[in-house]
Novice: 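Encoded as structure tokens, here's the structure I'll be asking about.
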Amino acid sequence: MEHAPIVVHRISPSGGRRVTLRVRDRDAALGTAHADADVIEFLRRAEVPDPDEVVLGGGPALIEWQGDAPHVYEAGPTDTDVP
């Protein structure tokens, strides 16, 4: 199975998501995103065509959001009200 060339990894414990780009069977780290605008900028710098469309409207063939909901960059509050 072919993987999407752009991967937005799961949210880190300190917040943000690592973004990688697969080029010639190698993963290149682009940075840690804290918003869609960061992902768009990373892709723009990597010369990915139409980075806005890739992030905001791209299908799973182009971008894979791992572990957490797309477009979410901070972990939700944990349930601390457990008896």
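Keep in mind that this is a model prediction, so the values were computed, not measured. Because only heavy atoms are used, hydrogens play no part in the values below, and waters and symmetry mates are left out as well, while side chains stay in.
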Novice: Could you check whether any side-chain heavy atom of F42 comes within less than 4.5 Å of a side-chain heavy atom of V48, counting everything from C-beta outward?
Specialist: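 They are not in side-chain contact.
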
Novice: Answer with yes or no whether the hydrophobic clustering places L21 together with V19; edges join I, L, V, M, F, W, Y residues whose side-chain heavy atoms lie under 4.5 Å apart.
Specialist: yes

Novice: P5 and A61: which non-hydrogen atoms are nearest, and at how many Å?
Specialist: CD-O, 3.2 Å

Novice: Do you reckon L56 sits in the same ILVMFWY cluster as V8, going by side-chain contacts under 4.5 Å, direct or chained?
Specialist: yes

Novice: How far apart are the closest heavy atoms of I40 and P51, and which atoms are they?
Specialist: O-CB, 3.6 Å

Novice: Applying a strict under-4.5 Å side-chain criterion to I, L, V, M, F, W and Y, I'd like to know whether V7 and L62 cluster together.
Specialist: no

Novice: Angle between ring planes, H71 versus W65, binned at 30° and 60°: parallel, tilted or perpendicular?
Specialist: tilted

Novice: Looking at every heavy atom in both A33 and V39, which two are closest together, and how far apart are they?
Specialist: CB-CG2, 3.5 Å

Novice: Please report the closest heavy-atom contact between L30 and A46, naming both atoms and the distance.
Specialist: CD2-CB, 4.3 Å

Novice: Under the salt bridge (charged side-chain N to carboxylate O under 4.0 Å, His left out) rule, what pairs show up with a residue in residues 4-21, not counting sequence neighbours?
Specialist: none

Novice: How close do E74 and G16 get, heavy atom to heavy atom, and via which atoms?
Specialist: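 Scanning both residues completely, I find the closest heavy atoms to be OE2-N, 3.8 Å.
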
Novice: Would you please name every residue forming a side-chain hydrogen bond (donor to acceptor under 3.5 Å, both in side chains) with D68, sequence neighbours left out?
Specialist: none

Novice: Nearest 0.5 Å, please: how far is CG in D52 from CD in E41?
Specialist: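 Reported to 0.5 Å precision, the distance equals 10.0 Å.
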
Novice: How far does OG1 of T32 sit from NE2 of H9, to the nearest 0.5 angstrom?
Specialist: 10.0 Å

